[in-house]
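Notes follow once the structure below has been shown.
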Amino acid sequence: MLKLYNTLTRQKEVFKPIKEGEVSMYSCGPTVYNFAHIGNMRTFIFVDILRRVLKHNGYRLKGVMNITDVGHLESDSDTGEDKMETAAKKENRSPYEIAEFYTKAFFEDLKKLNIEKPEYTPKATDYINEMIDFVVKLVEKGYGYETSDGIYFDISKFPEYGKLSKINLEDQIAGARVEVNPEKRNPYDFALWKKAPKEHIMQWPSPWGMGYPGWHIECSTLGRVFLGDEFDIHSGGVDHIPIHHENEIAQTEALIGKPAVKIWMHSEFMMVDNGKMSKSLGNTYTISDLENRGYDPMDFRYFCLNTHYRKKLNFTFEGLDAAEIARKRLIEQLIAHKNASTAGNPALKEYYQKFDEAVNDDLNIPLALGVLWTALKEPKSRAVYDFAIYADQVLGLRLEQSAQQAQSEETIAEEDAIPEDIKNLAEQRLEAKKAKNYALADELRNQINQKGYLIIDTPQGYKITKK
RNA sequence: GGCACCAUAGCCAAGCGGUAAGGCAGAGGUCUGCAAAACCUUCAUCCCCAGUUCGAUUCUGGGUGGUGCCUCCA
């Protein structure tokens with residue numbers, strides 16, 4: 001039995017898809033105006049885990065993740081410039097080039113992190129007509145109105161506005177810093193469509209002249225286009241609860257007259273050194289940054305998996321180091337089980353059960369990882385290895401691949417990669433050891449070390465590996 | 001000013017009514033001429049105060065301390 005936490009009800013709910021055996025889900029994707037940072041990636045890892053758990057439960061998936069390549073303004077509440085345009089100006093390229101470049105980079109990051117690409121990853125600019133159609137209908141129904149700079153949604157027509165974030169609009173307005181746009185009927189009204197100034201590069205014809213879609217309408221539209229009126233899960237980062245997702249709810253429910261989404265799921269933020277991570281503070285890292293510092297993207301994935309998705313995750317390099325070591329040891333354990341001569345142990349059934357329970361309890365991956373570690377402490381056997389591979393279908397740590405790779409690296413190091421001079425030094429050291437000249441032996445070991453190799457004594461003799 | 005979340009060992013982190021999973025670090029040990037690696041063992045009574053209960057880290061109320069959102073960000 002799979003349980004998922006629904007932001008809308010603030011409760012874990014037993015999951016039951018609308019359509020038997022199939023899950024439809026929409027996940028807010030990236031705005032491709034820059035490289036995604038590790039905070040972004042945490043959310044996409046969460047989406048990936050969710051997808052894997054659903055599959056683990058036997059569901060077929062119909063997942064959508066949008067690529068926002070227009071209309072996301074500098075403020076989520078529709079003020080400032082379009083991010084794509086700003087980036088284009090800064091990099092002196094067209095917004096389309098920017099979008100293409102960063103979209104590609106985004107998909108590469110997904111691959112590095114072993115994140116499965118959802119079934120559909122539509123670009124906003126490919127669905128402008130559908131968005132216009134959506135806005136036209138809202139205006140017809142009396143939910144939208146025109147101002148000098150665009151079409152806005154009138155939230156006073158949607159009394160349930162705020163139900164996801166549980167905000168009371170009047171209280172909010174009292175103390176908040178809401179930008180005053182005198183043409184808006186209510187401070188929280190948001191743009192469905194923006195009229196484009198002449199110099200705006202991305203613009204399309206519409207019943208209201210040349211313009212471009214609002215960011216929120218993109219998600220509402222794409223969700224409908226691919227998944228229909230109603231779908232099972234909508235996910236995103238917690239920052240989207242108060243504006244973006246409230247607006248999506250308002251738009252879609254205004255249009256179809258009923259809730260579209262059954263379960264709203266949100267992943268918590270990542271912090272850096274106990275403070276918030278944000279582009280404006282400049283304390284963001286990309287996956288490439290981590291790679292340049294010598295980490296494997298899987299180290300980062302492991303790091304994320306160690307904390308539940310609804311808890312803030314404090315990123316530190318100390319923490320990432322711990323993850324790196326832990327993952328390395330995990331793989332070593334795995335190899336030992338893989339090479340074991342004994343086949344199995346029926347008591348393992350309990351681990352399968354515990355693992356599934358953990359994972360199905362609102363994606364309790366930290367607990368599931370603990371189950372895996374405990375299983376690895378069992379006597380070495382193929383059965384444990386098989387269990388680990390089973391677990392990895394959900395964890396996505398590429399365990400099988402890593403084990404293979406680690407083993408073949410070892411073989412290569414043993415067979416050829418050791419240069420003659422290093423072998424000579426090792427032989428000399430062996431002689432020195434036989435002669436009990438330990439000072440010389442240690443000195444030779446140092447020399448080997450300095451040349452970038454590690455010499456280890458084993459009962460079968462010494463072993464050299466590249467550092 | 002409003003809203004929300006959180007508080008478990010040196011660090012990260014599960015558990016959420018019956019006396020604390022797991023990882024990193026540390027300590028002790030096995031192995032070694034010494035190391036390294038590996039392996040084994042070990043390491044907490046859960047922010048404070050009241051209450052409910054036979055029993056609370058787990059529920060309720062009140063504190064204190066963090067963090068986030070209402071500007072930008074997943």
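Reminder, nothing fancy here: chain letters follow the sequence lines and each chain counts from 1. Since this is a predicted model, take the numbers as computed values, not measurements.
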Relative to each other, are the rings of [X] and [Y] parallel, tilted or perpendicular (30° and 60° limits)?
X	Y	answer
A:F101	A:F35	perpendicular
A:F315	A:F317	perpendicular
A:H56	A:F355	perpendicular
A:Y309	A:F46	parallel

Need the pair for [N]. Rule: Watson-Crick or G-U wobble, both distances under 3.5 Å, any strand; none if unpaired.
N	answer
B:G55	none
B:C24	B:G10
B:C16	none
B:U45	none
B:C3	B:G68
B:U60	B:A50
B:A38	B:U30

Taking the six-membered ring of A:F107, is the NZ or CZ of A:K117 close enough (under 6.0 Å from the centre) and on axis enough (within 45°)?
yes

Base, sugar-phosphate, or nothing: which does [X] touch, judged by heavy atoms less than 4.0 Å apart?
X	result
A:G39	base
A:R327	nothing
A:M271	sugar-phosphate
A:L367	base
A:K354	nothing
A:S267	nothing
A:E324	nothing
A:P242	sugar-phosphate

Between [X] ([atom1]) and [N] ([atom2]), how many Å, whole number?
X	N	atom1	atom2	result
A:D321	B:G23	CG	P	18 Å
A:H308	B:C5	NE2	C1'	13 Å
A:K83	B:U71	NZ	P	14 Å
A:L313	B:A7	CG	C1'	16 Å
A:I365	B:A13	CD1	P	16 Å

Output yes when A:K112 and A:D296 qualify as a salt bridge under the 4.0 Å nitrogen-oxygen rule, no when they do not.
no

Should the side chain of A:D442 and the base of B:G33 be counted as holding a donor-acceptor pair, with the cut-off at 3.5 Å?
yes

In whole Å, what separates the [atom1] atom of [N] from that of [M]?
N	M	atom1	result
B:G28	B:G22	P	22 Å
B:A25	B:U32	P	24 Å
B:U45	B:U58	C1'	13 Å
B:G10	B:U19	C1'	25 Å
B:U71	B:G61	P	30 Å
B:G65	B:U8	C1'	15 Å
B:A14	B:A20	C1'	10 Å
B:A35	B:A44	P	28 Å

Closest approach to the side chain of [X], judged atom by atom: which nucleotide of [options] is it?
X	options	result
A:P366	B:A25, B:A74, B:A14	B:A14
A:R445	B:A74, B:A21, B:G33	B:G33
A:A326	B:G23, B:A38, B:A74	B:G23
A:K377	B:C34, B:G22, B:A74	B:G22
A:Y438	B:G33, B:C24, B:G68	B:G33

Taking only N and O in the side chain of [X], is any of them less than 4.0 Å away from OP1 or OP2 of [N]?
X	N	answer
A:N364	B:G15	yes
A:K311	B:A14	yes
A:Q333	B:C39	yes
A:R329	B:A38	yes

Side chain proximity check, A:E160 to A:E253, heavy atoms < 4.5 angstrom:
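Yes, at least one pair of side-chain atoms sits under 4.5 Å.
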
Using the aromatic ring of A:W373 (for Trp, its six-membered ring), decide whether it stacks on the base of B:G22 within the limits of 5.5 Å and 30°.
no

Would A:F44 count as stacked on B:A74 if the rule is ring centres under 5.5 Å and plane angle under 30°?
no

A:Q333 side chain vs A:K377 backbone, donor-acceptor pair below 3.5 Å
no

Return whichever of A:R429 or A:Y33 has its heavy-atom-nearest nucleotide of RNA chain B closer to the 5' end.
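Result: A:R429.
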
